[in-house]
Protein chains: 2
Amino acid sequence: MTALPGRPKGDSDTRARLIHAARCLFVAQPYTKVSTRLLASHAGTNAAMIRYYFVDKAGLFESMIKETFGPLLEQMRQILSQPGELKIAELFTRYYQVMGPHPDLPKLMLRSMLDPQSTENRLVARVFAEFMQGAIQLIGQSLQQPQHLQQGVDAQLARLSLIGLAVFPFIAPPQTLRSQGIELSPEFLTRLAQHNQRLVSQGIFKTASPES
Amino acid sequence: MTALPGRPKGDSDTRARLIHAARCLFVAQPYTKVSTRLLASHAGTNAAMIRYYFVDKAGLFESMIKETFGPLLEQMRQILSQPGELKIAELFTRYYQVMGPHPDLPKLMLRSMLDPQSTENRLVARVFAEFMQGAIQLIGQSLQQPQHLQQGVDAQLARLSLIGLAVFPFIAPPQTLRSQGIELSPEFLTRLAQHNQRLVSQGIFKTASPES
DNA sequence: TGATTAATTAATCGTCTGATGAATATGCTA
DNA sequence: TAGCATATTCATCAGACGATTAATTAATCA
């Protein structure tokens with residue numbers, strides 16, 4: 001059953017399988033609870049292969065983060081490079097379009113938030129910095145002009161509200177969501193975008209009343 | 001410098017110091033990263049005292065959770081036992097009054113959400129169950145009567161929004177908050193309660209228009 | 001074909017961790 | 001004051017973990 005030592009025939013996908021295992025396990029458990037042996041056995045290989053491909057456990061983690069978030073950052077850059085002001089309605093829709101296919105990412109972010117001292121999470125924070133900056137910039141586009149806010153609304157608090165509304169559904173425990181009959185399907189995210197847009201547009205922003 | 005073996009003179013507060021160390025460390029780092037030796041040295045004592053007072057590392061964690069959340073659950077019970085319907089404005093105010101003095105608790109909840117398999121977090125989930133049920137019940141009081149909602153607003157999504165708005169400020173990384181000039185002071189929480197109340201009352205709920 | 005490089009397993013090393021037992025000194029009570 | 005319960009340090013054990021090396025086999029290329 002166990003393969004013999006030595007290079008196996010054919011092409012190797014061991015590296016990819018390690019990355020995949022890392023993505024699954026590091027999302028589900030804290031860094032220290034994921035042992036190299038567990039990673040290896042999940043990938044159907046030997047723990048020494050981590051050294052071979054990534055030098056370190058930390059190296060595997062780093063590669064996983066970069067290869068996972070690279071495409072996402074690219075999407076963010078494209079959205080930011082598009083000229084013109086982003087309307088608050090589009091903001092939520094875009095956000096859920098981008099994040100929908102990656103429901104695990106907020107969890108990784110959250111882990112890095114909860115344990116900011118550890119070196120592996122400082123990496124996550126660095127990789128995410130651009131993403132977060134982009135998000136805040138997008139939100140700022142809609143919020144930093146006071147004329148868009150209802151009278152008496154604090155822009156700072158409004159920003160906090162937007163982030164909370166956007167992020168929470170992804171970090172809430174699936175059990176809690178399920179007990180509310182919620183499943184993070186594309187259809188649900190569409191409804192959620194509409195709901196959030198309605199919530200903030202009627203609660204925070206001036207309603208663009210047809211007769212001025 | 002190092003004390004000799006044997007019972008020291010005077011009363012002992014070692015147990016309390018261990019609980020305190022546990023609260024600090026388990027909030028700041030994941031369970032596995034907090035070693036018994038670290039806990040002990042933080043409490044200025046020996047790791048064997050954990051066995052003496054709490055049997056286990058897990059036992060220390062459990063006692064810390066129970067002694068920390070016990071008073072909070074009591075407050076929640078009192079609020080729930082008060083007759084009459086809770087208005088949405090009071091809901092946020094009450095919530096921040098209760099949570100304000102315990103800014104660490106949401107982080108512990110979050111950790112348990114992110115690693116629901118581990119035994120120590122199943123405990124947290126169990127201890128928190130009543131608290132969460134209470135919160136959901138309070139929110140439900142305000143939401144389950146459809147006549148309180150604006151036309152076309154989904155009660156399910158509205159509940160999710162309320163939870164997200166209420167919880168996020170506590171779980172957001174202090175660094176992120178600080179970069180926005182936010183500090184979780186009592187004054188800020190008061191402003192936040194007013195802000196959230198305004199957000200949902202004008203965005204989700206019917207505005208009690210003076211002329212009907 | 002022979003030599004070099006690539007990919008893998010197996011065995012092992014030192015370190016840290018949680019747990020435990022033994023020894024020791026104080027406090028309390030009869 | 002004798003004796004038992006209380007509270008503490010210290011030494012140590014077994015297990016897991018990350019890391020590393022040696023051995024082994026396949027692919028590549030001269």
Side-chain angles (χ1 to χ4, degrees), chain A residues 1-22 25-26 28-65 115 117-123, chain B residues 1-22 25-26 28-65 115 117-123:
Chain A
M1 216 45 172
T2 21
L4 293 172
R7 179 173 185 170
K9 301 175 186 174
D11 283 351
S12 165
D13 59 343
T14 301
R15 203 198 109 100
R17 277 185 286 118
L18 276 173
I19 290 279
H20 179 73
L25 294 171
F26 284 127
Q29 282 165 304
Y31 184 79
T32 29
K33 272 193 186 170
V34 179
S35 73
T36 55
R37 291 168 228 265
L38 180 64
L39 282 162
S41 86
H42 232 253
T45 182
N46 191 294
M49 295 314 284
I50 293 174
R51 174 173 171 78
Y52 184 72
Y53 283 111
F54 308 99
V55 181
D56 251 350
K57 178 188 179 183
L60 168 56
F61 183 80
E62 178 172 345
S63 296
M64 181 273 286
I65 292 292
D115 185 15
Q117 327 168 41
S118 73
T119 48
E120 76 271 8
N121 280 337
R122 272 205 290 271
L123 163 75
Chain B
M1 217 45 168
T2 21
L4 294 171
R7 180 175 184 169
K9 302 173 186 176
D11 284 351
S12 166
D13 59 342
T14 301
R15 203 198 108 101
R17 277 185 286 118
L18 276 172
I19 291 279
H20 179 72
L25 294 172
F26 284 127
Q29 282 165 304
Y31 185 79
T32 28
K33 271 193 187 170
V34 180
S35 73
T36 55
R37 291 168 227 267
L38 180 64
L39 283 161
S41 86
H42 232 252
T45 183
N46 192 294
M49 296 313 284
I50 294 175
R51 173 176 171 76
Y52 184 72
Y53 282 112
F54 309 99
V55 181
D56 252 348
K57 178 186 179 184
L60 168 55
F61 182 79
E62 178 172 344
S63 296
M64 181 273 285
I65 293 291
D115 185 15
Q117 327 167 40
S118 73
T119 48
E120 76 271 7
N121 281 337
R122 272 204 290 270
L123 164 75

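Note that the structure is predicted; figures quoted are calculated from it, not measured. Below, chains carry the letters A, B, ... as their sequence lines are ordered, and counting in each starts from 1.
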Rounded distance in Å - [atom1] ([X]) to [atom2] ([N]):
X       : N      : atom1 : atom2 : value
B:Asn46 : C:dT20 : CG    : P     : 15 Å
A:Tyr31 : D:dA16 : OH    : P     : 20 Å
B:Leu60 : C:dT17 : CG    : P     : 16 Å

Output yes when at least one side-chain N/O atom of [X] is less than 4.0 Å from OP1 or OP2 of [N], else no.
X       : N      : result
B:Thr14 : D:dT8  : yes
B:Tyr53 : D:dT6  : no
B:Arg51 : C:dG21 : yes
A:Tyr52 : C:dT9  : no
B:Ser35 : C:dC16 : no
B:Ser12 : D:dT6  : no
B:Thr36 : C:dT17 : no
A:Arg15 : C:dA7  : no

Inset, instruction - Give the intermediate values and the outcome of side-chain hydrogen bond (donor to acceptor under 3.5 Å, both in side chains) for residues A:Arg17 and A:Thr14. - result: CA-CA 5 Å; A:Arg17 277 185 286 118; A:Thr14 301; 3.2 Å; yes
Inset, instruction - Give a yes or no on whether a donor-acceptor pair under 3.5 Å exists between the nucleobase atoms of D:dG18, that is its base, and the side chain of A:Arg37. - result: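 Side chain to base: pair found, below 3.5 Å.
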Legend entry - Selection from D:dT9, D:dT12, C:dA7 that lies nearest to any side-chain heavy atom of B:Met49: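 For the B:Met49 side chain, the nearest candidate turns out to be D:dT9.
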Legend entry - B:Glu120 CD to B:Thr32 OG1 distance, which is reported to the nearest 0.5 Å: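 Spacing of CD (B:Glu120) from OG1 (B:Thr32) equals 7.5 Å.
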Legend entry - Interatomic spacing from CG in A:Leu18 to NE2 in A:His20 - rounded to 0.5 Å: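 Going from the CG atom of A:Leu18 to the NE2 atom of A:His20 covers 11.0 Å.
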Legend entry - Heavy-atom donor-acceptor pair, A:Lys33 side chain to B:Tyr31 backbone, under 3.5 Å: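 Not confirmed, A:Lys33 side chain does not pair with B:Tyr31 backbone.
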Using a cutoff of under 3.5 Å, can you pull out all pairs of nitrogen or oxygen atoms linking the protein to nucleotides 22-25 of chain C, with atom names and distances?
from   : atom 1 : to     : atom 2 : distance (Å)
C:dT24 : O2     : B:Gly6 : N      : 3.3
C:dA25 : O4'    : B:Pro5 : O      : 3.4
C:dA25 : N3     : B:Arg7 : N      : 3.1

